[in-house]
Amino acid sequence: MTSDRLDDRAFTERLREVGAGRYHDKHPFHVRMNEGRLGSEAIRGWVANRFHYQKNIPIKDAAIISNCPIREVRRGWLRRIVVHDGAGVGEGGIEAWLKLGEACGLARQDLLDERDVLPGVRFAVDAYVNFARVQPWPVAVASSLTELFAPDLMAQRLAAFETHYKWVNPSGLEYFRRRLTQAREDSEEGLRLTLTYCDTRALQEEAIKALMFKCDVLWAMLDAIEAECGRSAA
Ligand code: AHQ
């Protein structure tokens, strides 16, 4: 049977087309954020709700590791958990996001207590974690490829905060500065694994659908945040 498997270039192009159409850099909330048009309450609501996503990333990544039988892949993916959880107290991305919250005037405990987490954000994040638990690990890896499009957004966001949201203590922006390189490293690893292990046309199509699903996860989070917090203008 002739294989109708996409070659790496065509597969990569299909994945990039998903982001070009659906990545959350185009969501109205992010567009307004990057144009400096959000009020402080909208920024605080976004930071408090995105913390729920951030603290669930290592749980999602551990789910992928738990489903993966290949030692070399697990060894590489394990790095992500340490990036977020930190190698020790006071380190890692989750800690840096808590510092972003403090830089916006939010109490750490309010983020940790999930006091302001919106139902739509909670459901979208739960859907992402459960996706990673039940999907074949290469398909779950493919869902992280939204990070192919993250570095440009991080750069735009950093510039926006430094220009339009000077009331946020600049020390809180360290998270986004780190993501410029971490997102690039993550997406290079994720793309290499996806191209290697989504090695049938069926798995390639599942990977493309996984990326669409993840774009919907990120979009749905912003829909909920926009509905609740997006009304307050700068
Ligand atoms: O800060 C982000 C992060 O740690 C991750 C992990 C990765 C994944 O495994 O799905 N995705 C992701 C993302 C982060 N930040 C988002 C943003 O806009 O700040 C972007 C998001 C992503 O592109 O998936």
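Both counts, for ligands and for their atoms, begin at 1 and track the order of listing. For reference, positions follow the sequence shown, starting with 1.
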Novice: Backbone or side chain, does any N or O of T146 fall under 3.5 Å from an N or O of ligand 1?
Specialist: yes
Novice: How does L153 reach ligand 1, by side chain, by backbone, by both or by neither, if only non-hydrogen atoms under 4.0 Å count?
Specialist: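 The part of L153 near ligand 1 is the side chain, not the backbone.
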Novice: Have a look at M33, R179, H30, R50 and point out the one with the heavy atom closest to atom 17 (C) of ligand 1.
Specialist: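 Looking at heavy atoms only, R50 sits closest to atom 17 (C) of ligand 1.
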Novice: Name the closest protein heavy atom to atom 19 (O) of ligand 1, giving the residue it belongs to and the distance to 0.1 Å.
Specialist: R157 NH1, 2.6 Å
Novice: Grab the two heavy atoms, one from C104 and one from V47, that are nearest each other, plus how far apart they are.
Specialist: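 It is SG-CG2, 3.9 Å.
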Novice: Answer yes when R5 and D199 have at least one side-chain N-carboxylate O distance shorter than 4.0 Å, and no when they do not.
Specialist: no
Novice: Got the closest protein heavy atom to atom 9 (O) of ligand 1, with its distance?
Specialist: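 The closest one turns out to be K60 NZ, 2.5 Å.
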Novice: Could you list the atoms of ligand 1 found under 4.0 angstrom from a heavy atom of M154?
Specialist: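 Here the atoms of ligand 1 in question are 17 (C), 18 (O), 19 (O).
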Novice: Do R177 and E162 sit within salt-bridge range, that is, some charged N less than 4.0 Å from a carboxylate O?
Specialist: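 A salt bridge links R177 with E162.
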Novice: Considering distance alone, does some N or O of Y53 sit under 3.5 Å from an N or O of ligand 1?
Specialist: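 Yes - when backbone and side-chain N and O of Y53 are compared with those of ligand 1, one distance drops under 3.5 Å.
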Novice: Within the structure, does H24 bring an N/O atom to less than 3.5 angstrom of an N/O atom in ligand 1?
Specialist: yes
Novice: Report the nearest protein non-hydrogen atom to atom 1 (O) of ligand 1: residue, atom name, distance rounded to 0.1 Å.
Specialist: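 Residue, atom and distance for the closest contact: Y175 OH, 2.5 Å.
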Novice: Mark yes when over 12 heavy atoms from residues, nucleotides or ligands other than R71 sit less than 6.0 Å from its CZ; otherwise mark no.
Specialist: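 No, the 6.0 Å shell around CZ holds no more than 12 heavy atoms from other groups.
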Novice: What is the minimum heavy-atom distance between V117 and N49, and which atoms define it?
Specialist: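 The answer is CA-OD1, 3.3 Å.
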Novice: If you take the centroid of each ring, where Trp contributes its six-membered ring, are W46 and F51 closer together than 6.0 Å?
Specialist: no
Novice: Residue-level breakdown please: for Y23 versus ligand 1, do any non-hydrogen atoms fall below 4.0 Å on the side chain, on the backbone, on both, or on neither?
Specialist: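 It is the side chain that gets close, since no backbone atom is under 4.0 Å.
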Novice: Can you find a non-hydrogen atom of Y128 under 4.0 Å from ligand 1?
Specialist: yes
Novice: Are any of the side-chain heavy atoms of V73 and V141 separated by less than 4.5 Å?
Specialist: no
Novice: Under 4.0 Å from a heavy atom of Q54: which atoms of ligand 1 are those, numbered in the order shown and with their elements?
Specialist: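 Listed by number with element: 1 (O), 2 (C), 3 (C), 4 (O).
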Novice: Which of the listed options, H84, R178, K214, holds the heavy atom that is closest to atom 4 (O) of ligand 1?
Specialist: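 Among H84, R178, K214, the closest heavy atom to atom 4 (O) of ligand 1 comes from H84.
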Novice: What is the minimum heavy-atom distance between G120 and A224, and which atoms define it?
Specialist: CA-CB, 3.9 Å
Novice: With a 4.0 Å cut-off on N to O distance, would you call R178 and E174 a salt bridge?
Specialist: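 Yes, R178 and E174 are salt-bridged.
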